[in-house]
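Notes follow once the structure below has been shown.
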Amino acid sequence: MAQKNRLKYILLGLLNRQRQTGYDLAKSFDSDIGEFWTANHSQIYPLLKRMEADHLIAHEAITVGQKLQKKQYYVTSIGQRTFSSWLKSPSDLNGSHDEFILKLFFIDDPKSKLLRPMITTQQQYHDEKLHHLEQQFQEKFPNQKRIDQDFGHSLVLRHAIDRARGYSNWLAEMVQTIKTE
């Protein structure tokens, strides 16, 4: 299966919030988005050009100062439909980036009907992953002697278990938060 170009959806989501220049979009990866996703100028600018050719976005030339021209991008109706469709689609659970976190970032309404099914699917996936990792640890490291023989591997597996447990607990808290609203 071909990998989705998630950067396209990030840019659509950012532009869906407000019009921005390419520079503004790139700066987003130095702060909020950068906490969980990275992108370089060399990725962003060519993609903006392709997205414009695909009619997902358009730009308006704005003058800054006396004569500096900048492109301020905005989402077209086709881009809005594409972004909305992506938000509603199942998240890739096995990718190197956490697509769920990315989608969650763009949901502004705490009462969005998208939240509960998204969170429930993620919680099931992460609970199963946690169970699998715990089983792996028990099988690979049944005693202290085995841990001592492959100490680094045991540490990495413990880290994965802690990360999965933390993620699962966070999702459980989110479900409780949504129930109370």
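Remember, predicted model here, so these are calculated numbers, not experimental data. Just so you know, these numbers use all the heavy atoms, side chains as well, and skip hydrogens, waters and symmetry mates.
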Do Asp24 and Lys27 sit within salt-bridge range, that is, some charged N less than 4.0 Å from a carboxylate O?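 So Asp24 does not pair with Lys27 through a salt bridge.
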Enter the distance from [X]:[atom1] to [Y]:[atom2] here, rounded to the nearest 0.5 Å.
| X | Y | atom1 | atom2 | result |
| --- | --- | --- | --- | --- |
| Lys113 | Lys88 | NZ | NZ | 12.0 Å |
| Lys103 | Met118 | NZ | CE | 6.0 Å |
| Leu114 | Ser84 | CG | OG | 7.5 Å |
| Asn5 | Met51 | CG | CE | 8.5 Å |
| Ser91 | Arg6 | OG | CZ | 8.5 Å |
| Leu7 | Ile10 | CG | CD1 | 5.5 Å |

Might you point out which heavy atoms bring [X] and [Y] nearest each other, and give the distance in Å?
| X | Y | result |
| --- | --- | --- |
| Leu47 | Lys8 | CD2-N, 3.5 Å |
| Pro110 | Leu115 | O-CD1, 3.4 Å |
| Ile44 | Ala26 | CD1-CA, 3.6 Å |

So, do [X] and [Y] sit near enough that their side-chain heavy atoms are less than 4.5 Å apart?
| X | Y | value |
| --- | --- | --- |
| Leu87 | Tyr9 | no |
| Arg50 | Pro46 | yes |
| Leu102 | Asp98 | no |
| Phe29 | Thr38 | no |
| Tyr167 | Tyr125 | no |
| Leu25 | Leu48 | yes |

Only counting residues at least two apart or in another chain, list the ones meeting side chain to side chain contact (heavy atoms under 4.5 Å, CB included) with Lys145.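 Testing Lys145 for side chain to side chain contact (heavy atoms under 4.5 Å, CB included), a comparison that skips the adjacent residues, returns Asn143, Gln149.
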Gln124: which residues meet the side chain to side chain contact (heavy atoms under 4.5 Å, CB included) condition with it, sequence neighbours left out?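 Testing Gln124 for side chain to side chain contact (heavy atoms under 4.5 Å, CB included), a comparison that skips the adjacent residues, returns Glu128.
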If you look only at distance, which donor and acceptor atoms sit under 3.5 Å apart when one is on a side chain in residues 55-69 and the other is two or more places apart or in another chain?
residue, atom, partner, partner atom, Å
His59, ND1, Glu52, OE1, 3.3
His59, ND1, Glu52, OE2, 2.5
Glu60, OE1, Arg19, NH1, 2.9
Thr63, OG1, Gln69, NE2, 2.6

Clusters formed by hydrophobic residues whose side-chain heavy atoms approach within less than 4.5 Å: which one holds Phe151, and what are its other members?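 Noted: Phe151 shares its cluster with Leu130, Leu133, Phe137, Phe141, Ile147, Leu155, Leu157, Ile161.
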Does [Y] offer a backbone N or O that forms a donor-acceptor pair with the side chain of [X] under 3.5 Å?
| X | Y | result |
| --- | --- | --- |
| Thr121 | Pro117 | yes |
| Asn40 | Gln43 | no |
| Thr82 | Ile78 | yes |
| Gln20 | Tyr73 | no |

Could you check whether Phe83 and Phe106 have their ring centres less than 6.0 Å apart?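 Yes, they do, as the ring centres are separated by less than 6.0 Å.
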What do the steps show when you test Glu99 against Trp86 for side-chain hydrogen bond (donor to acceptor under 3.5 Å, both in side chains), and what is the final call? CA-CA 10 Å; Glu99 188 175 25; Trp86 170 74; 2.7 Å; yes
Kindly write out the residues that satisfy side-chain hydrogen bond (donor to acceptor under 3.5 Å, both in side chains) with Arg17, not counting sequence neighbours, or none if the list is empty.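 side-chain hydrogen bond (donor to acceptor under 3.5 Å, both in side chains) check on Arg17 returns Asp108.
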Should we count OH of Tyr23 as having more than 12 external heavy atoms under 6.0 Å?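 No, because the 6.0 Å sphere around OH of Tyr23 holds 12 heavy atoms or fewer from other groups.
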Decide if atom NE2 of His131 counts as having more than 12 heavy atoms of other residues, nucleotides or ligands within a radius under 6.0 Å.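 No, not enclosed.
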Any side-chain donor near an acceptor of the partner, Lys129 and Ser168, under 3.5 Å: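 There is no such pair between these side chains.
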With the 4.5 Å side-chain cut-off for hydrophobic clustering, are Tyr74 and Leu12 part of the same group?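 Different hydrophobic clusters.
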Pairwise salt bridge (Lys or Arg N to Asp or Glu O under 4.0 Å) hits with a residue in residues 161-173, at least two apart: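 Non-adjacent pairs meeting salt bridge (Lys or Arg N to Asp or Glu O under 4.0 Å): Glu134-Arg165, Asp162-Arg165.
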